[in-house]
2 protein chains.
Amino acid sequence: MSVSITDVARAAGVSASTVSRALRGQPGVSGEVAAQITAVAARLGYTASRSASSLASGRTFTIGVVVPYVGRWFFGTVLDAAEHVFSAAGYDVLLYNLGSPETRKRFFTKMPVRKRVDAVLSLLIPDEEESAALRSLGVPLATTVGGARPGFTVVGIDDRAGTESAVRHLVNLGHRRIGMISGSSGPQHWTTPIARRQAYLEVLADAGIEHDPALEADGDYTVEGGERAMTELLAAARPPTAVFAQSDEMAMGALRALRRHRLRVPDDVSVVGFDDHELADVVGLTTVAQPVAGQGAEAARLLLRQLDEPDAGQPGQVRMPIRLVLRETTAPPRPRGPQ
Amino acid sequence: MSVSITDVARAAGVSASTVSRALRGQPGVSGEVAAQITAVAARLGYTASRSASSLASGRTFTIGVVVPYVGRWFFGTVLDAAEHVFSAAGYDVLLYNLGSPETRKRFFTKMPVRKRVDAVLSLLIPDEEESAALRSLGVPLATTVGGARPGFTVVGIDDRAGTESAVRHLVNLGHRRIGMISGSSGPQHWTTPIARRQAYLEVLADAGIEHDPALEADGDYTVEGGERAMTELLAAARPPTAVFAQSDEMAMGALRALRRHRLRVPDDVSVVGFDDHELADVVGLTTVAQPVAGQGAEAARLLLRQLDEPDAGQPGQVRMPIRLVLRETTAPPRPRGPQ
DNA sequence: CTGTTAGCGCGTTCAA
DNA sequence: TTGAACGCGCTAACAG
């Protein structure tokens, strides 16, 4: 088998407990002995068994990260940043990718993270039952999506403000028929699409524009969905001259649909996205930028802090800044003849 | 504390070993007793401690996945698919995101996966020393990038064939000045860019086209790098009429550079990418499609098989199919006057 | 088919 | 400053 703590102890001529203390930098070991032990451990290629040490200490030095789709840019980027923070602090990351309802259900019923992690970062919005399941783990919890949730540290953005800046921009350009491609809120329990829709309606009302339900379509947060949604909107009796998409991926799908319909952007239709996807710049997409990696890193840091100071009181809530990035997909509506 | 196996045993009126056997579906427990135990365990919300069970059994039911950048589409997609296969089989995934040289070095010196995983899937190409470190873990190993490597199961594509189909396509359209934007092979030990370059040179030679070093530039596998590289190529004395980019992300960067130079695609310059990125279709990019998720899933399956049949002999090697996808970024070169 | 016994490899007392 | 003894929660080998 592989080298254990007693092997190191024997080779160094000390007891296992001394090795344990020395390697973890605990006080109570003379510098000389500690150095000697460190050297021997390195020579033997010794690593403490996480299973054994967590069984003995109760700590796992592992963080569970729950993600709906690792493959999607937004989540991949959040995860990337969070992982860096965790690993720099000596924590490992256990990844749970819960795209389908089945995997999600399996996760929340079997709870494979139980007794396996010191904290959980959730990039999906748990419903009430799922939240309760997570809280029952008895470890610090955080999320980077959605609104406040009891027991969770939340790092997010101001969805209303972001949406307002986008839709106002279109209004200010002179648009009156402004469509919206929303992300579905269905099985994922997003509050995000709801908040953004509300803000959209408010800006329209503020501008004295009557809301037309025919100008709303569901894009399912995907490129294909965005394309479908845009196609729907174009089929309306009076199609929009501008569209706000609740994510850049849907906006890109919309761009594709517009191209297929031989409509020019922004001459015929303006498009605004949300996120500032890494490829938004490539397609020249005007969008609401949010610090995606920043949110992952911040959530990770807050989680680590809770781990360090267990009695720090209630989990906090952080709002990161957003900002409208003007590119080439928005312009004033084309002047038309009367009516 | 939380509920342990002895709590369940007591509540069910049996011994701990019987509980252990029953819950793992082992033979040697009467159906009646097993059902009773399962019910009690569910009622108490019992989950076996992975630390304790792996300490006792030697198995961790965890797979280590090593990735250079989770945030990048290619790796995120591979990881997504692999994770689904692993979790469906009851394995957890430990994620190691080794983007920077420091994190990479830390990983390979401290080897935090030691004694923590039953197998490792590496999405980065380890150099010889790193390979040896991984082999020293004594667990099945697989990778989805690069060429054959002793001790590793390799799932990949035929880079030469893919590149050939792309460059031949440009040649057949009538292009003679064909540039290439390559991925750097520097610190990541890629063999991929080398294989693709070789194929590029061969197709040119086959077509009787003299190779011009001024038509090659390094795009670092990123959008920004691709943009820089394209800008370089455009500055050549005789710029290319077509460009093959070794990844879609670099191709998209090239498209951006071309747009900034007010050159039209494909009228002025043709562009071919590699990967079939999810957004390649949005920008109409002609590219070499490879089954990205497919490779992740296949590698995961092969790894699980090795876990089931430890004496299955040498690790295998799988080549997945590639295919050229024609879209809107390629066309014959614009006819020019003499010279 | 079931219970008893003995570790798995550590961290953590307590005494020395 | 160090070592011996014990237990973390579970699985495996052996009895019955």
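In what follows, chains carry the letters A, B, and so on, assigned in the order in which the sequence lines appear, proteins first and then strands, with residues in each chain numbered from 1. The figures that follow rest on heavy atoms only: side chains count, while hydrogens, waters and symmetry mates do not.
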For A:R116, does its backbone N or O pair with a side-chain atom of A:T60 as donor and acceptor, under 3.5 Å?
yes
Expressed as a whole number of angstroms, how long is the span from B:R114:CZ to C:dC10:C1'?
17 Å
Can you find a side chain N or O atom of B:S15 that sits less than 4.0 Å from OP1 or OP2 on C:dG3?
yes
Heavy-atom nearest nucleotide on DNA chain D for B:T6 versus A:G28: which residue maps closer to 5'?
A:G28
More 5' along DNA chain C: B:V14 or A:S53, using each one's nearest nucleotide?
B:V14
Just to confirm, is there a sub-4.0 Å distance from OP1 or OP2 of D:dA12 to any side-chain nitrogen or oxygen of B:R24?
yes
Under 4.0 Å between a side-chain N/O of A:S57 and OP1 or OP2 of C:dG11, yes or no?
no
Axis-to-axis angle across the helix from C:dC1-D:dG16 to C:dA16-D:dT1, five pairs each end, nearest 10 degrees, ~ 30°
Spacing of B:L23 atom CG relative to D:dC10 atom P, expressed in whole Å
10 Å
Hey, is the main chain of A:P291 close enough, under 3.5 Å, to the side chain of A:Q295 for a donor-acceptor pair?
yes
Can you tell which of C:dC10, D:dT11, C:dT2 lies closest to the side chain of B:S30?
C:dT2
Using heavy-atom distances to pick each residue's nearest nucleotide on DNA chain D, tell me which of B:T47 and B:R21 is more 5'.
B:T47
Tell me the interatomic distance from B:L55, atom CG, to D:dG9, atom P, rounded to whole angstroms.
12 Å
Rounded to whole Å, the CZ-P distance (A:R10 to C:dG9) equals 12 Å
B:E130/B:R135 salt bridge by N-O under 4.0 Å criterion
no
Steps toward side chain to side chain contact (heavy atoms under 4.5 Å, CB included) verdict (A:L141, A:R149)
CA-CA 10 Å; A:L141 265 23; A:R149 204 152 204 101; over 6 Å; no
For residues A:P68 and A:F75, report the shortest heavy-atom separation together with the two atoms involved.
CG-CZ, 3.5 Å
Roughly, in whole Å, what's the span from CD1 in B:I37 to P in C:dC1?
13 Å
On a plain distance test, is the side chain of B:S17 in donor-acceptor contact with the base of C:dT4 below 3.5 Å?
yes
Whole angstroms only, please: what is the NZ-C1' distance between A:K115 and D:dC10?
10 Å
Would one find a side-chain N or O of B:T18 under 4.0 angstrom from OP1 or OP2 of C:dG3?
yes
Is a salt bridge present between B:R301 and B:E298, judged by a nitrogen-to-oxygen distance below 4.0 Å?
yes
With a 4.0 Å cut-off on N to O distance, would you call B:D92 and B:R50 a salt bridge?
yes
Using atom CD of B:E32 as one end and atom C1' of C:dC1 as the other, report the distance to the nearest whole Å.
13 Å
May I ask you to verify if any side-chain N or O of A:S20 is less than 4.0 angstrom from the OP1 or OP2 atom of C:dG11?
yes
So does B:D7 pair up with B:R10, basic N to acidic O under 4.0 Å?
yes
From CD of B:Q26 across to P of D:dA12 the rounded distance in Å is 6 Å
